[in-house]
Student: 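Please see the structure below; I have some questions.
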Protein chains: 2
Amino acid sequence: MDEYTPAQVAEATGFSLDTLRYYEKEGLIGPVERTVGGRRRYRSSDLAWLDLIKCLRDTGMPIADLKRYSRLSEDDSTLAERFALLEAHDRVVQAEIDRLRERQHRLHEKMAWYREQLGG
Amino acid sequence: MDEYTPAQVAEATGFSLDTLRYYEKEGLIGPVERTVGGRRRYRSSDLAWLDLIKCLRDTGMPIADLKRYSRLSEDDSTLAERFALLEAHDRVVQAEIDRLRERQHRLHEKMAWYREQLGG
DNA sequence: CTGCAAGCTGGAGTGCGCTCCAGCTCAAGC
DNA sequence: GCTTGAGCTGGAGCGCACTCCAGCTTGCAG
């Protein structure tokens, strides 16, 4: 019924319970609904948002930027700004991929040298 | 003449002076030669080694692994082990690249959504 | 009704990889 | 000889992103 316990969300998103609470405290996710007893009850919209957060975190976006993106998302008039933020992040990610591939090339050269020493 | 001051090495490798000293203290680089007055004098072999360290660090190899690789490099009979270490690292790097590309794909989808919202 | 797992809060602690600092020595130029 | 800047050491501090903990409350299972 579109309701999830913290444990289920942790399972689904890969974030730990502590991390979920930390993100909420930091404002990366808006205040999550609570049951009468005070327990968190997440909705599928929260899951979708957390999936995006995960994507951005996994690609190295710092918490501070995520916080900014999150604040912007509360205001409908900030679409362009949010888009610009993602665009900038995309460039960072692309640069990181390029850098890794370049370094990997060096690494392969070194490995070729070892192969030569070992068997060739 | 194959001798470099710390400042020159920092310039050449992109490591800070503090980082160079830290790496030496941690054993990532063997004790660097000293002048009579006690100042470090690096050789081009040190530069080559530091370049490799840089490549490995930039691709995310932790200091502890680098330490191990460095210790192994002192013993000629460990070629195979060192090769295995690099091979394992290469797999990690490849996985990281793949993961980044996958996430970037999601990011592009999100950006496409924004473009649609913004201008049609 | 009881037991026990799950969840709550605020705050302290952790791991990594540096980075900074004080107080000193050394060396090259004038 | 003096100044100035580069370098030295040991150790403290930092930023980030969690992670752990104590002490408590909640709520389902039997």
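All values below were derived from every heavy atom in this structure, side-chain atoms included, with hydrogens, water molecules and symmetry-related copies excluded.
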Student: In whole angstrom, what separates B/Leu28's CG from C/dG17's C1'?
Tutor: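 So the CG-C1' distance, B/Leu28 to C/dG17, works out to 11 Å.
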Student: Look at all strands and tell whether A/Tyr23 reaches a base, only sugar-phosphate, or nothing, counting heavy atoms closer than 4.0 Å.
Tutor: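 Sugar-phosphate, backbone atoms only, no base.
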Student: Rounded off to whole Å, could you give me the CD1-to-C1' distance for the A/Ile53 and D/dA17 pair?
Tutor: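 After rounding, the gap between these two atoms is 14 Å.
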Student: Taking atom types as modelled, is there a side-chain donor on A/Thr35 or A/Arg39 under 3.5 Å from an acceptor on the other?
Tutor: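 On atom types as modelled, these side chains do not qualify, holding no pair under 3.5 Å.
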Student: Measuring from the side chain of A/Leu17 (C-beta onward, heavy atoms only), which nucleotide among C/dG7, D/dG7, D/dC18 has the closest atom?
Tutor: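 Taking heavy atoms from C-beta onward, the closest nucleotide is C/dG7.
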Student: Can you tell me which residue among B/Tyr69, B/Phe15, B/Tyr23 is in a ring-ring contact (aromatic ring centres under 6.0 Å, His included) with B/Trp49?
Tutor: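 The ring-ring contact (aromatic ring centres under 6.0 Å, His included) with B/Trp49 is passed solely by B/Tyr69 among B/Tyr69, B/Phe15, B/Tyr23.
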Student: Starting from P on D/dG15, measure out to CG on A/Asp65 and report it in whole angstrom.
Tutor: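 After rounding, the gap between these two atoms is 17 Å.
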Student: Where the side chain of A/Arg40 is defined as all heavy atoms beyond and including C-beta, which of C/dG7, C/dT9, D/dC8 is the nearest nucleotide?
Tutor: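 Between C/dG7, C/dT9, D/dC8, the one nearest the side chain of A/Arg40 would be C/dT9.
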Student: Of the nucleotides C/dG17, C/dG7, C/dG11, which one has an atom closest to the side chain of A/Arg39?
Tutor: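 Between C/dG17, C/dG7, C/dG11, the one nearest the side chain of A/Arg39 would be C/dG7.
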Student: Between B/Ile63 and B/Val36, name the one whose nearest nucleotide on DNA chain C is closer to the 5' end.
Tutor: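 The answer here is B/Ile63.
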Student: Can you tell me how far C1' of D/dA17 sits from CD of A/Glu24, to the nearest Å?
Tutor: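 Atom-to-atom, A/Glu24 to D/dA17, this comes out as 17 Å.
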Student: Checking side chain to side chain contact (heavy atoms under 4.5 Å, CB included) between A/Leu56 and each of A/Leu86, A/Asp65, A/Leu85, which is the one that passes?
Tutor: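 Result: among A/Leu86, A/Asp65, A/Leu85, A/Leu86 is the only option passing the side chain to side chain contact (heavy atoms under 4.5 Å, CB included) with A/Leu56.
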Student: Take atom CD of A/Glu26 and atom P of C/dG10, then tell me their distance rounded to the nearest Å.
Tutor: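 A/Glu26 atom CD is separated from C/dG10 atom P by 13 Å.
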Student: Within this structure, what is the CG-to-C1' distance between A/Leu66 and D/dA17, rounded to whole angstrom?
Tutor: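 Those two atoms, CG and C1', are 12 Å apart.
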Student: In whole angstrom, what separates B/Lys25's NZ from D/dG7's P?
Tutor: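 Result: 17 Å.
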Student: Would you indicate, yes or no, if C/dC8 has its OP1 or OP2 atom less than 4.0 angstrom from a side-chain nitrogen or oxygen of A/Arg21?
Tutor: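 Yes, within the criterion.
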Student: A side-chain contact here means heavy atoms from C-beta on lying under 4.5 Å apart; do A/Gln104 and A/Leu100 qualify?
Tutor: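 A side-chain contact under 4.5 Å is absent here.
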Student: Send over the distance from B/Asp18 CG to D/dG10 P, rounded to a whole Å.
Tutor: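 Rounded to whole Å, this separation is 14 Å.
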Student: What does B/Arg34 touch in the nucleic acid at a heavy-atom separation under 4.0 angstrom: a base, only the sugar-phosphate, or nothing?
Tutor: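 Sugar-phosphate contact only - B/Arg34 comes under 4.0 Å of backbone atoms but never of a base.
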Student: State which of D/dC18, D/dG7, C/dT19 makes the closest approach to the side chain of A/Tyr22.
Tutor: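 From the listed options, D/dC18 comes nearest.
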Student: Considering just the side-chain nitrogens and oxygens of B/Ser16, establish if one lies under 4.0 Å of OP1 or OP2 belonging to C/dC18.
Tutor: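 Checking B/Ser16 against C/dC18: no side-chain N or O falls below 4.0 Å of OP1 or OP2.
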Student: Within the pair B/Arg57 and C/dC18, is there a side-chain N or O less than 4.0 Å away from OP1 or OP2?
Tutor: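 Looking at the OP1 and OP2 atoms of C/dC18, one of them is under 4.0 Å from a side-chain N or O of B/Arg57.
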Student: With the side chain of B/Thr35 defined as its heavy atoms from C-beta on, choose the nearest nucleotide among C/dA27, D/dC18, C/dT19.
Tutor: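 The closest nucleotide is C/dA27.
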Student: Taking only the side-chain nitrogens and oxygens of A/Thr19, find out if one of them lies under 4.0 Å from OP1 or OP2 of D/dC18.
Tutor: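 Answer no for this pair, as no side-chain N or O of A/Thr19 is under 4.0 Å from OP1 or OP2.
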Student: Is there a side-chain contact between B/Val32 and B/Arg41 (heavy atoms, below 4.5 Å)?
Tutor: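 In short, these two side chains do not touch, never coming nearer than 4.5 Å.
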